[in-house]
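For reference, the structure discussed in these notes is given below.
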Amino acid sequence: MVHDKARVDAIRARVAAQIELINSLQAKIVKGKLDWLDVARNQTQDVETLFLRDLERQDRSPGEEARWLSFAEYMLQTWELQLKQTQDQFSKYGNMGIEVVGA
């Protein structure tokens, strides 16, 4: 049973937005690859598949759930700064395709 549905919904929305950002960054790359984007995608998806789905399977007290959701939020924010910096770097080139060299 999920006690804090609003917090879970907010985390799910952040997961979806982060996956969308990763997709958009990967779509701008026309040559090469940033392997860390795949790691970021996998770890972001883990927030949903590991943390949030587990709430539906395991009963937790409100305190235990809050702690579990804190772990999920921490894992989600792990990539936020690097994704934002990459988005800012890519945006400098407008609609030009990005070529990754030596990544």
Side-chain angles (χ1 to χ4, degrees):
M1 173 182 172
V2 176
H3 301 284
D4 193 345
K5 292 179 194 284
R7 188 173 178 191
V8 170
D9 290 344
I11 293 170
R12 279 200 168 110
R14 287 178 58 199
V15 166
Q18 193 157 299
I19 293 292
E20 184 177 325
L21 175 56
I22 292 167
N23 289 341
S24 73
L25 293 173
Q26 286 181 317
K28 290 180 181 185
I29 298 172
V30 295
K31 182 176 181 184
K33 184 176 182 181
L34 292 175
D35 291 330
W36 68 265
L37 284 173
D38 291 329
V39 176
R41 174 194 310 285
N42 291 340
Q43 289 184 355
T44 301
Q45 289 172 333
D46 285 348
V47 172
E48 174 67 38
T49 58
L50 173 65
F51 289 97
L52 300 183
R53 286 190 190 156
D54 192 65
L55 283 178
E56 298 163 357
R57 292 188 294 259
Q58 305 263 344
D59 280 337
R60 289 183 169 81
S61 70
E64 291 170 331
E65 178 182 291
R67 192 168 35 260
W68 191 250
L69 290 175
S70 292
F71 294 143
E73 289 166 334
Y74 177 77
M75 187 169 179
L76 186 58
Q77 80 183 63
T78 302
W79 293 102
E80 284 178 345
L81 179 60
Q82 190 166 359
L83 288 167
K84 177 66 174 142
Q85 288 174 340
T86 303
Q87 181 183 33
D88 291 345
Q89 288 174 336
F90 282 15
S91 69
K92 292 177 185 177
Y93 301 100
N95 292 330
M96 291 176 42
I98 304 296
E99 292 187 18
V100 177
V101 180

What donor-acceptor contacts under 3.5 angstrom involve side-chain atoms of residues 70-78, with partners at least two apart or in another chain?
{"from": "S70", "atom 1": "OG", "to": "R7", "atom 2": "NH2", "distance (Å)": "3.1"}
{"from": "S70", "atom 1": "OG", "to": "A66", "atom 2": "O", "distance (Å)": "3.0"}
{"from": "E73", "atom 1": "OE1", "to": "R7", "atom 2": "NH2", "distance (Å)": "2.7"}
{"from": "E73", "atom 1": "OE2", "to": "R7", "atom 2": "NE", "distance (Å)": "3.1"}
{"from": "T78", "atom 1": "OG1", "to": "Y74", "atom 2": "O", "distance (Å)": "3.0"}
{"from": "T78", "atom 1": "OG1", "to": "M75", "atom 2": "O", "distance (Å)": "3.1"}

Hey, can you pull the donor-acceptor pairs under 3.5 Å for the side chains in residues 49-56, sequence neighbours left out?
{"from": "T49", "atom 1": "OG1", "to": "Q45", "atom 2": "O", "distance (Å)": "3.2"}
{"from": "D54", "atom 1": "OD2", "to": "R60", "atom 2": "NH1", "distance (Å)": "3.1"}
{"from": "D54", "atom 1": "OD2", "to": "R60", "atom 2": "NH2", "distance (Å)": "2.6"}
{"from": "E56", "atom 1": "OE2", "to": "R12", "atom 2": "NH2", "distance (Å)": "3.0"}

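Here D88 pairs with K84 in a salt bridge; the nearest charged N to carboxylate O distance falls below 4.0 Å.
Smallest separation of non-hydrogen atoms from F90 and L34: CZ-CD1, 4.0 Å.
Summarising the geometry, atom CG belonging to N23 is positioned 12.5 Å from atom NZ belonging to K28; distances are rounded to the nearest 0.5 Å. In this structure, Q87 CD and L25 CG are separated by 6.0 Å, a value rounded to the nearest 0.5 Å. Here CD1 of I29 is found 9.5 Å from NZ of K33. Values are rounded to the nearest 0.5 Å.
Judged by distance alone, with hydrogens and angles left aside, the side-chain atoms of Q18 form no donor-acceptor pair with the main-chain N or O of T44 at under 3.5 Å.
Linking Ile, Leu, Val, Met, Phe, Trp and Tyr residues whenever their side-chain heavy atoms come within less than 4.5 Å leaves I22 and L81 in two separate clusters. In the hydrophobic clustering of this structure, V47 does not group with V39; members are Ile, Leu, Val, Met, Phe, Trp, Tyr whose side-chain heavy atoms approach within less than 4.5 Å, directly or through other members.
E48 has its side chain out of reach of I19: every pair of non-hydrogen atoms, C-beta onward, lies at least 4.5 Å apart. V30 is listed as a side-chain neighbour of E99, based on a closest heavy-atom distance under 4.5 Å.
Sorted by first and then second residue, the ring pair (Phe, Tyr, Trp, His ring centres under 6.0 Å) pairs with a member in residues 7-30 form an empty list; sequence neighbours excluded. Sorted by first and then second residue, the pairs that involve residues 31-50 and meet ring pair (Phe, Tyr, Trp, His ring centres under 6.0 Å), not counting sequence neighbours, are W36-W79. Within the structure, the ring pair (Phe, Tyr, Trp, His ring centres under 6.0 Å) test picks out no pair touching residues 1-22 (sequence neighbours left out).
With sequence neighbours left out, the salt bridge (Lys or Arg N to Asp or Glu O under 4.0 Å) criterion links D59 to no other residue.
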TODO: Verify side-chain contact (heavy atoms from CB on, under 4.5 Å) between L37 and R41, making sure each step is shown before the conclusion.
DONE: CA-CA 6 Å; L37 284 173; R41 174 194 310 285; over 6 Å; no
Task: side-chain contact (heavy atoms from CB on, under 4.5 Å) between R14 and E80, worked out - done: CA-CA 10 Å; R14 287 178 58 199; E80 284 178 345; 2.7 Å; yes
